[in-house]
Amino acid sequence: MTLADTTPQPLEFDCETGNYHTFCPISCVAWLYQKIEDSFFLVIGTKTCGYFLQNAMGVMIFAEPRYAMAELEEADISAQLNDYEELKRLCEQIKRDRNPSVIVWIGTCTTEIIKTDLEGLAPKLEADIGIPIVVARANGLDYAFTQGEDTVLAAMAQRCPTSADIAAKTPVVEKAADQNAVKKLFSFGGKKEAEPTETAVEETVYADHEPLVLFGSLPGAVTTQLSLELKKQGVKVTGWMPEQHYSDLPVIDPGNFVAGVNPFLSKTATSLMRRRKANLINAPFPIGPDGTRAWVEHICDALGVETHGLEEREQKIWDSVEDYVSLIRGKSVFFMGDNLLEISLARFLIRCGMHVPEIGIPYMDKRYQKAELAMLERTCREMNSPLPKIIEKPDNYNQLQRIHAIKPDLVITGMAHANPLEARGITTKWSVEFTFANIHGFSNVRDLLELVTRPMRRNEALDSLGWESLVKG
Amino acid sequence: MTLADTTPQPLEFDCETGNYHTFCPISCVAWLYQKIEDSFFLVIGTKTCGYFLQNAMGVMIFAEPRYAMAELEEADISAQLNDYEELKRLCEQIKRDRNPSVIVWIGTCTTEIIKTDLEGLAPKLEADIGIPIVVARANGLDYAFTQGEDTVLAAMAQRCPTSADIAAKTPVVEKAADQNAVKKLFSFGGKKEAEPTETAVEETVYADHEPLVLFGSLPGAVTTQLSLELKKQGVKVTGWMPEQHYSDLPVIDPGNFVAGVNPFLSKTATSLMRRRKANLINAPFPIGPDGTRAWVEHICDALGVETHGLEEREQKIWDSVEDYVSLIRGKSVFFMGDNLLEISLARFLIRCGMHVPEIGIPYMDKRYQKAELAMLERTCREMNSPLPKIIEKPDNYNQLQRIHAIKPDLVITGMAHANPLEARGITTKWSVEFTFANIHGFSNVRDLLELVTRPMRRNEALDSLGWESLVKG
Amino acid sequence: MKLAYWMYSGPAHIGTLRVASSFKNVHAIMHAPLGDDYFNVMRSMLERERDYTPVTTSVVDRNVLARGSQEKVVDNITRMDAAEKPDLIILTPTCTSSILQEDLNNFVERASFDAQCDVLLADVNHYRVTELQAADRTLHQVVKFYIDKARKHGDIVTEKSAKPSVNIIGISTLGFHNNHDCTELKRLMADLGIEVNMVLPDQASVEDLKTLPRAWFNLLPYRELGCMTAEYLKAEFDMPYVDITPMGVVETARCIRAIQQVLNQGGSDANYDEFIDEQTRFVSQAAWFSRSIDCQNLTGKKAVVYGDATHAAAITKILAREMGIQVVWSGTFCKHDEDWFREQVSEYCDEVLISEDHGEVGDRIAKTEPAVIFGTQMERHVGKRLNIPCGVISAPIHVQNFPVGYRPMVGYEGTNQLVDLIYNSFTLGMEDHLMEIFGGHDTKEAITQTISADADLAWSKDGSAELAKIPGFVRNKVKRNTEKFARDQHIQKITAETLYAAKEALSG
Amino acid sequence: MKLAYWMYSGPAHIGTLRVASSFKNVHAIMHAPLGDDYFNVMRSMLERERDYTPVTTSVVDRNVLARGSQEKVVDNITRMDAAEKPDLIILTPTCTSSILQEDLNNFVERASFDAQCDVLLADVNHYRVTELQAADRTLHQVVKFYIDKARKHGDIVTEKSAKPSVNIIGISTLGFHNNHDCTELKRLMADLGIEVNMVLPDQASVEDLKTLPRAWFNLLPYRELGCMTAEYLKAEFDMPYVDITPMGVVETARCIRAIQQVLNQGGSDANYDEFIDEQTRFVSQAAWFSRSIDCQNLTGKKAVVYGDATHAAAITKILAREMGIQVVWSGTFCKHDEDWFREQVSEYCDEVLISEDHGEVGDRIAKTEPAVIFGTQMERHVGKRLNIPCGVISAPIHVQNFPVGYRPMVGYEGTNQLVDLIYNSFTLGMEDHLMEIFGGHDTKEAITQTISADADLAWSKDGSAELAKIPGFVRNKVKRNTEKFARDQHIQKITAETLYAAKEALSG
């Protein structure tokens with residue numbers, strides 16, 4: 001399966017002015033510095049970028065975060081100062097104060113416009129200060145919100161070792177054919193395995209398949225859940241990109257299989273395929289019981305592992321959340337478009353029995369989202385729901401007119417429009433929350449529905465008090 | 001020197017209606033439970049007592065204090081319930097929950113009026129539950145505020161061991177003639193002395209004198225300071241009553257010397273003299289450089305130790321606080337009477353150059369305060385200050401008329417009158433603060449003056465703003 | 001005997017003194033031992049009162065006890081009468097002096113001969129009623145005394161005012177936010193076109209009590225003070241009263257509608273619908289807050305509520321009805337008002353707690369592990385220990401509950417103040433949790449001390465590691481749930497799988 | 001380049017947008033890349049604004065960059081003009097788009113042809129000025145534009161109002177407590193018998209700007225916004241202005257007296273002395289609090305202050321002059337206003353700190369170890385780490401600084417609010433310390449980890465034991481002082497005697 005193969009979609013796609021609100025892609029720093037515990041993120045940009053981060057990060061800003069701005073001042077913009085010397089000064093200070101395992105440079109619109117050659121400067125500085133420097137262009141000229149993570153992971157994909165790298169670095173260890181074993185030794189360093197028998201027993205539950213690396217930044221608890229889900233099918237996850245530590249980047253050899261957990265990681269997928277020669281498993285994303293099942297099935301299928309009990313598992317989850325599903329069945333939801341999770345969420349909510357008149361989305365990679373789009377279509381058919389209109393690069397002003405005309409039961413929107421919509425009696429949910437909440441896999445379906453239904457549950461109670469509209473006229 | 005010998009005072013004493021405000025003596029619990037860390041104080045009284053404690057204790061109440069009320073309910077008052085059984089139930093719960101080394105029963109007005117025989121019940125219950133029970137009648141019918149401590153220490157004095165008690169309890173230890181050594185073994189239990197040489201060296205700095213026990217509850221840091229002050233003169237303090245732990249009550253044998261640190265401990269003094277046959281050193285109290293010097297001198301004198309360098313020491317302290325003294329010199333201070341520290345404070349402030357028109361005081365034991373009164377008189381003479389009028393059991397209403405007539409520069413008063421006086425442009429200081437602050441000894445003179453001058457420093461600045469009176473008319 | 005170090009309401013004489021010293025030109029004589037007079041300190045220190053508290057203690061000491069106290073008490077009454085020229089002197093004993101079983105009525109009679117002012121003995125049983133009940137009773141006693149007196153003198157004013165008018169009953173010194181509430185109620189009445197005839201007892205003159213019947217109705221913002229008086233005035237003069245506490249937008253609207261009904265029954269033609277709508281939707285920010293995104297994120301969070309009957313009931317309703325917050329239990333120490341309280345809150349919380357025992361309340365909080373507490377100072381400190389934020393919503397009073405800035409709890413500005421209180425309680429709690437989550441560097445140090453293997457259960461290495469990934473403030477709960485699940489399923493060793501299986505099973 | 005993760009004032013375009021969106025019926029077009037439009041989120045979330053923020057981003061993406069942005073910007077202006085019918089559209093770039101060096105004036109000119117409304121390009125240098133300076137400049141620009149326009153049209157209103165009147169300049173959206181301050185100032189003006197002619201820019205209509213000269217004077221509550229406008233109006237129309245921030249009783253009185261002078265110069269006969277006296281002594285509780293016992297106990301305590309120029313200066317004066325609190329240092333991030341700030345506070349604090357560097361501010365706090373901090377949210381968190389309480393007195397704004405309840409900082413109710421803030425900051429700090437002291441059980445566990453023997457010094461057993469008796473919150477300070485003393489005295493081993501000798505020597 002390759003990305004080149006694009007079958008035509010009967011779904012209707014449209015494109016608007018692109019005057020829509022979403023967070024700047026540099027906001028990915030917020031979750032990535034948390035995920036990769038030995039990292040430091042340096043955002044190279046202006047006061048505008050810095051003030052955004054400070055406001056978006058809320059309380060995190062006060063926790064002595066492992067990120068900072070390299071604030072470009074007038075002399076930097078006008079190129080009176082030497083970029084290399086300036087960055088070196090800052091990175092040396094970071095090394096001195098925090099000594100991270102990696103420094104990630106986050107380029108911004110400004111570095112794009114003034115054409116700072118970050119990719120050119122990094123290798124020299126990396127050699128000079130002895131800390132790996134990963135460069136990601138998470139700028140708002142090219143990317144939206146969650147795509148910031150994509151730029152970082154795409155860059156990081158190049159830093160994943162191959163078996164050969166490992167072998168070269170650990171001469172005392174016998175060069176084993178099984179790269180899993182090599183990986184183990186590498187990542188655990190000198191540590192002894194405390195429960196060798198347990199490990200040995202564990203290995204037997206897995207089928208014999210090609211190595212599989214999953215990509216996408218998820219909290220530790222969620223990666224465990226997804227890994228366990230695959231383990232139930234006999235599939236062993238060789239590694240995650242990223243892991244809790246930069247030094248634990250997984251081994252990726254040509255021909256290994258890779259699969260993403262989020263729909264906004266198309267650049268990373270491309271990078272893994274083109275530059276690491278990995279096989280991408282194009283699957284729907286593990287959001288909702290339906291999506292999770294499809295994701296597991298596609299992976300097993302690609303690895304040649306037979307699945308078992310997945311239908312029952314999916315059904316059991318649906319049964320356990322029927323109380324929530326019954327609250328939204330038959331209702332309508334409008335996606336203004338923000339975090340690129342829109343297609344997956346819409347597909348899941350249609351499966352729950354909702355109708356979706358419009359899906360706004362900042363960017364649509366029809367190849368990377370191919371399986372997801374197909375599943376959306378199939379779901380609509382099966383649920384007897386009209387196909388949603390998909391609007392790429394929407395225009396928020398136009399969308400608001402449409403929302404006031406349609407009056408959907410729920411609008412999933414960015415933070416700029418939620419309060420004004422609520423004041424006009426239209427129930428909303430922040431799209432941002434889906435970015436940060438644990439929504440992946442079977443175990444988190446209830447939490448996902450808790451989020452979706454919360455405003456509806458709350459507003460239903462409030463509506464009885466008769467304050468529906470809180471604006472004059 | 002015995003208490004029987006009362007020389008007539010040329011000071012003028014008067015007595016009023018006794019309608020004055022002071023804290024209930026049960027409030028001594030607040031500092032005593034803090035001081036004696038392995039104690040538990042049980043106040044046997046009504047809701048009125050309990051509500052007072054809760055309001056007086058402020059934040060301490062929330063810190064899971066080692067004290068509680070045994071709240072007398074209607075059935076207790078009407079003697080439908082058996083006091084012994086009730087107290088046993090409560091004390092067993094205390095033992096179970098907190099397991100203190102001693103339970104102090106604090107009798108109140110109510111137990112006086114309903115004639116609960118606490119002294120009769122205690123020995124039986126003590127035997128039953130195996131925890132020492134000390135009974136103190138800190139009631140408002142007989143005592144004021146700080147005298148509550150006096151009732152507790154007087155009762156506790158009976159629990160101090162004699163050398164003979166110690167010898168009987170430690171059969172393996174050779175019965176040494178030196179009771180200090182015995183005391184050491186007792187209080188340190190099985191612990192080894194970590195720095196034996198240091199201790200040995202230390203012993204040599206002391207003169208050979210009769211054992212000396214000091215009484216009065218002071219914070220650990222202050223007892224250290226006073227002990228060090230005496231050590232400088234070669235006087236060794238055998239023990240303090242109370243110590244941080246109930247189990248460390250000092251050995252008191254007939255003929256030993258005792259000295260108090262506070263003027264409200266007359267009952268304790270009497271108890272030590274009459275029942276423990278100790279020799280009381282009647283001295284002024286170690287408040288102010290003058291009082292501290294006199295206190296040290298009287299003690300040395302009684303023990304036959306010659307003093308050295310005390311005059312210089314006193315002078316040096318005076319010199320170091322001249323900045324504060326200059327603020328109050330020539331000003332007047334009126335004591336409404338609250339905590340029985342009034343005579344000592346007045347004597348010190350007169351030495352600082354203040355005038356004292358009136359000293360209200362709840363209770364005046366002219367024998368126990370003999371040396372202090374004599375020093376007050378001498379100080380007035382030396383400072384050329386008129387003798388203050390001493391009003392025992394004052395009437396607050398009458399005092400307020402006198403204050404408004406005299407307009408003193410400072411009124412030291414209880415909490416009930418401070419705000420209304422301030423609102424009328426009269427500068428005040430809470431007497432309660434002198435009870436809780438560290439004011440004893442040479443080292444704390446500055447803190448003492450800081451307290452005294454604080455309202456004057458503050459109000460001087462405020463007066464320039466022109467808000468002197470904050471009541472209408 | 002009862003073992004305790006904290007009580008939620010004071011002894012009876014405090015209630016009597018709160019009412020007595022609220023009135024203008026009324027003096028109280030407390031017949032009590034030294035130290036029982038801390039009421040004066042509370043008033044002076046907590047309220048930062050500028051005036052001398054009009055309470056004099058006639059001190060009972062050993063001598064007085066021996067000689068009998070009549071002479072001293074009578075002397076003190078006549079002295080105060082001469083010196084201060086009050087309208088009324090109220091005599092009260094305390095728990096202690098009431099045991100002496102003296103004929104205090106006789107003392108009062110004796111003193112009345114010489115005194116110019118009226119003299120009353122506060123009629124309460126010091127062992128059977130609390131501060132709150134005593135206050136209610138004393139207010140009733142004073143009102144009845146002066147109504148009777150006016151009737152005797154024939155100068156009672158029963159003719160209604162031309163404009164609709166109200167007596168606001170229940171505002172007193174040392175009451176929880178009472179001063180600001182009173183200001184807000186007066187503003188509200190002005191907005192409604194209602195004249196305030198009298199406020200009771202705060203700043204009221206006893207000589208004016210004869211004009212009470214002039215008002216069209218009585219307004220009782222609090223359950224704790226005024227009910228007896230309102231009932232008495234209803235029985236004597238058929239005066240209607242409104243006893244709906246106007247806290248929160250819904251109850252404030254209900255209170256105003258009840259007032260409208262009362263006025264219209266009295267011949268007025270009031271219609272407050274538009275006023276209520278305007279205030280609710282645009283002047284107050286509370287309805288808007290309820291609908292806003294900030295509040296949406298509070299939906300379904302767990303809270304517990306505890307306090308006096310008035311405030312605990314009001315806050316419970318606001319949380320449950322106006323903000324969609326789950327009140328796991330709601331409690332009060334007003335045992336005497338249990339029936340009313342149950343009726344008010346049962347619909348809005350899972351459980352009702354009636355208890356005066358601070359230990360029991362604290363234990364229940366610890367067991368419930370709510371996201372937030374609304375309680376008294378004691379619960380605030382319990383919360384501090386448990387690391388749960390607490391908004392203080394009820395007496396016992398504390399200097400922090402006498403803010404200088406305007407902080408009413410009733411009326412429309414009150415709804416705003418409550419929004420801040422509730423929102424800040426949640427967010428500052430959340431902030432602490434977030435600081436923990438984003439603390440960064442030390443996330444790796446596993447908090448393994450919480451992983452105490454119970455006798456019958458063991459946590460595997462991967463299970464423990466997984467548990468360590470759960471944020472600290474819910475980790476204990478997850479651990480308990482997982483262990484419960486493991487026991488039910490007869491699983492001896494808890495692995496990561498067990499943990500997530502438990503999550504799925506228990507949330508279903 | 002500057003390494004930082006926190007800035008005290010935002011970029012210039014935020015200032016421009018705050019002014020633009022404060023006006024009624026003014027729309028802003030932001031010419032910027034995706035994600036630079038978070039101003040809309042701030043307004044909607046922090047202020048819980050019910051209306052859509054009248055700011056539209058004309059998004060610059062890679063395509064626009066390639067094609068040139070003129071067409072898109074002009075199109076967006078004319079579209080918004082048609083759809084929203086604003087009086088004025090203000091165009092602003094951000095730091096990023098300003099580098100493109102496009103001829104934005106030309107864009108504006110082009111758009112003006114088609115648009116019905118006025119179109120202005122905000123005239124600020126995005127790399128040289130802060131949010132605050134940009135706001136000041138944009139306000140001036142708008143005012144000047146409409147004054148010029150009115151002059152051209154000949155409909156400018158220069159005749160003074162009959163009654164004394166004022167323009168209140170500086171109230172804006174996302175300003176620290178601005179909405180409540182505005183209400184309080186309006187009430188104060190009403191009390192003074194002064195009519196409010198206009199408030200700027202909040203809720204003002206640009207069409208009404210021509211009536212600005214009608215007012216007798218301009219009132220500038222804040223240093224940060226309005227000075228340029230006031231200077232301009234003074235130069236153009238000889239309008240006097242009062243720029244004394246009415247915070248605290250002393251400065252409020254000074255502000256009112258300055259107003260009196262201005263009015264009387266204008267021919268009025270105002271005398272506010274009695275009003276000031278009544279408010280100061282009886283209506284506001286602040287003067288009384290200053291004198292009360294609670295405040296007496298704050299005398300001489302150490303505080304540090306940091307914030308914008310207006311608030312840091314005002315709080316410094318209140319602490320030092322009205323409460324007798326020692327301000328060890330007072331600082332501001334308003335570098336551009338350094339001279340004014342120094343002049344205002346030098347008399348009231350030991351040192352002045354001018355710095356935009358949060359790290360430097362934090363370090364100074366740690367070194368000073370004050371009893372309390374008054375600062376921004378950043379200092380509050382620094383205080384949390386150091387266990388020092390902090391009252392928040394200044395922007396950068398945060399949702400907690402948009403209370404729903406009435407919380408003005410200016411005027412007489414403002415003085416009350418500040419009393420609460422200051423008092424609570426101290427007492428809640430004290431409470432934590434007291435909890436430590438009275439923690440009871442665990443006082444015995446010596447906190448020996450703080451007794452780190454420095455290379456050249458040793459603590460004897462009794463010295464360490466003595467140090468352990470000192471309460472935790474001052475122990476470090478005592479330790480440092482003692483060690484300094486020991487070094488000075490060439491003492492190698494610190495005993496209990498050394499500790500107390502140091503105490504005597506250092507306090508002398």
Side-chain angles (χ1 to χ4, degrees), chain B residues 17-27 44-56 59 61-62 65 67-74 76-77 81 86-87 89-90 93-94 108-110 113-114 139-145 362 397 400 414-420 423 470-471, chain C residues 1-7 9-14 32-38 40-46 48-53 56-65 72 75-76 79-80 83 94-97 99-100 125-128 130-131 377-378 380-382 384-385 396 398:
Chain B
T17 63
N19 289 346
Y20 66 99
H21 161 72
T22 185
F23 276 170
C24 176
I26 60 173
S27 53
I44 303 154
T46 61
K47 245 178 140 47
T48 300
C49 312
Y51 202 59
F52 163 66
L53 276 183
Q54 146 175 357
N55 278 285
V59 78
I61 205 92
F62 303 112
Y67 72 83
M69 287 294 303
E71 190 189 323
L72 299 169
E73 299 179 289
E74 197 168 6
D76 298 304
I77 301 296
L81 293 174
E86 289 296 296
L87 284 167
R89 184 169 57 80
L90 266 47
Q93 189 183 332
I94 292 163
T108 63
C109 301
T110 306
I113 291 173
I114 64 174
N139 71 77
L141 297 169
D142 299 306
Y143 306 105
F145 193 15
Y397 190 87
L400 292 174
M415 284 190 179
H417 297 104
N419 268 339
L470 287 146
V471 288
Chain C
M1 291 182 199
K2 211 161 73 177
L3 194 66
Y5 55 82
W6 171 263
M7 54 191 75
S9 55
H13 78 275
I14 296 281
L34 202 71
D36 271 11
D37 67 340
Y38 55 88
N40 297 33
V41 177
M42 290 174 66
R43 188 150 184 269
S44 176
M45 294 309 303
L46 299 185
R48 295 196 194 99
E49 177 58 52
R50 307 180 192 200
D51 279 321
Y52 296 110
T53 303
T56 299
T57 309
S58 174
V59 171
V60 179
D61 62 14
R62 191 63 75 177
N63 291 337
V64 172
L65 216 52
K72 181 157 189 180
D75 180 56
N76 277 314
R79 235 182 101 205
M80 274 306 129
T94 61
C95 299
T96 301
S97 53
I99 320 173
L100 295 172
N125 180 316
H126 291 261
Y127 286 88
R128 295 203 186 149
T130 66
E131 167 193 357
Q377 290 289 339
M378 181 48 100
R380 183 169 73 83
H381 280 272
V382 169
K384 247 183 161 172
R385 270 205 295 276
H398 183 280

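Chain letters run A, B, ... following the sequence lines, proteins first and then strands; every chain starts at 1. Heavy atoms only: backbone and side chains are in, while hydrogens, waters and symmetry mates are out.
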request  = Mind running side-chain contact (heavy atoms from CB on, under 4.5 Å) on I14(C) and K47(B) for me, showing each step along the way?
outcome  = CA-CA 11 Å; I14(C) 296 281; K47(B) 245 178 140 47; over 6 Å; no
D76(B), part contacting chain C, at a heavy-atom distance under 4.5 Å = side chain
key: Heavy-atom pairs under 4.5 Å with chain B, option from P33(C), G35(C), A4(C) with the top count   = A4(C)
Residue among M42(C), R50(C), E131(C) with most heavy-atom pairs under 4.5 Å to chain B = R50(C)
message = Please identify, among A70(B), S27(B), C109(B), the residue contributing the most non-hydrogen atom pairs under 4.5 Å to chain C.
response = C109(B)
request  = Against chain C, label L72(B) side chain, backbone, both or neither, depending on which of its atoms sit under 4.5 Å from a heavy atom there.
outcome  = both
ask   = Taking atom CZ of R62(C) as the centre, does the number of heavy atoms from other residues, nucleotides or ligands within less than 6.0 Å exceed 12?
value = yes
message = With rounding to the nearest 0.5 angstrom, report the CZ to CG distance, F52(B) to D37(C).
response = 9.0 Å
task = Could you grab the distance from atom CG of L141(B) to atom CG of N63(C), nearest 0.5 Å is fine?
result = 10.5 Å
key: Atom group of L53(B) that falls short of 4.5 Å from chain C, counting heavy atoms   = neither
inquiry  = Counting heavy-atom pairs under 4.5 Å with chain C, which one of G45(B), G18(B), G414(B) comes out on top?
reply    = G18(B)
ask   = Got E74(B) and N125(C) here, is their nearest side-chain heavy-atom distance under 4.5 Å?
value = yes
message = Does any backbone or side-chain atom of Q377(C) lie under 4.5 Å from a heavy atom of chain B? Answer side chain, backbone, both or neither.
response = both
inquiry  = So which atom in P420(B) and which in S44(C) form the shortest heavy-atom distance, rounded to 0.1 Å?
reply    = CD-OG, 3.6 Å
query = Picking from R48(C), E49(C), R128(C), which has the most non-hydrogen pairs under 4.5 angstrom with chain B?
reply = R128(C)
ask   = Measuring heavy-atom distances to chain B, does T53(C) have an atom under 4.5 Å in its side chain, in its backbone, in both, or in neither?
value = neither
key: Non-neighbouring partners of T56(C) that pass side-chain contact (heavy atoms from CB on, under 4.5 Å), sequence neighbours left out   = H27(C), I29(C), M80(C)
request  = Select one option (side chain, backbone, both, neither) describing which atoms of A32(C) are under 4.5 Å from chain B's heavy atoms.
outcome  = neither
ask   = Do you know the tightest heavy-atom contact between M45(C) and M415(B)?
value = SD-O, 3.9 Å
message = Using heavy-atom distances under 4.5 Å, tell me whether R79(C) contacts chain B through its side chain, its backbone, both, or neither.
response = side chain
ask   = What part of H13(C) lies closer than 4.5 angstrom to a heavy atom of chain B: side chain, backbone, both or neither?
value = side chain
key: Side chain, backbone, both or neither of L87(B) within contact of chain C (heavy atoms, under 4.5 Å)   = both
note = Value for CG (N55(B)) from OH (Y38(C)), rounded to nearest 0.5 Å, stands at 7.0 Å
query = Which one of N40(C), V64(C), D51(C) has the most heavy-atom pairs closer than 4.5 Å to chain B?
reply = D51(C)
inquiry  = Less than 4.5 Å to any heavy atom of chain B: does that hold for the side chain of D75(C), its backbone, both, or neither?
reply    = neither
key: Inter-residue atom distance M7(C).CE - E71(B).CD, 0.5 Å rounding   = 4.5 Å
remark   = Pair count under 4.5 Å, heavy atoms only, with chain B: among V382(C), L46(C), N76(C), highest is N76(C)
key: Heavy-atom pair of closest approach, residues M1(C) and E86(B)   = N-OE1, 2.8 Å
inquiry  = How long is the straight-line distance from OG1 of T110(B) back to CG of D36(C), given to the nearest 0.5 Å?
reply    = 7.5 Å
key: Heavy-atom closest pair, residues A68(B) and Y5(C)   = CA-CB, 4.2 Å
message = I need the residue from N419(B), T22(B), T46(B) with the largest number of non-hydrogen atom pairs under 4.5 Å to chain C.
response = N419(B)
request  = Sort M378(C) into side chain, backbone, both or neither according to what part of it lies under 4.5 angstrom from a heavy atom of chain B.
outcome  = both
ask   = Of all heavy-atom pairs between K2(C) and E73(B), which one has the smallest distance, and what is that distance?
value = CD-OE2, 3.7 Å
query = Is chain B contacted by the side chain of L3(C), its backbone, both, or neither, given a heavy-atom distance below 4.5 Å?
reply = both
Taking every non-hydrogen atom, the tightest pair across L34(C) and A144(B) = CD2-CB, 3.6 Å
task = Give, for atom OH of Y51(B) and atom OG1 of T130(C), the distance between the pair rounded to the nearest 0.5 Å.
result = 10.0 Å
Region of T17(B) that comes under 4.5 Å of a non-hydrogen atom in chain C = both
ask   = Taking only residues two or more places apart in sequence, or in another chain, which ones meet Y20(B) in a ring-ring contact (aromatic ring centres under 6.0 Å, His included)?
value = none
ask   = Does the side chain of V59(C) reach to within under 4.5 Å of the side chain of N19(B), using non-hydrogen atoms?
value = yes
note = Turns out that what part of A423(B) lies under 4.5 Å from chain C's heavy atoms comes down to side chain
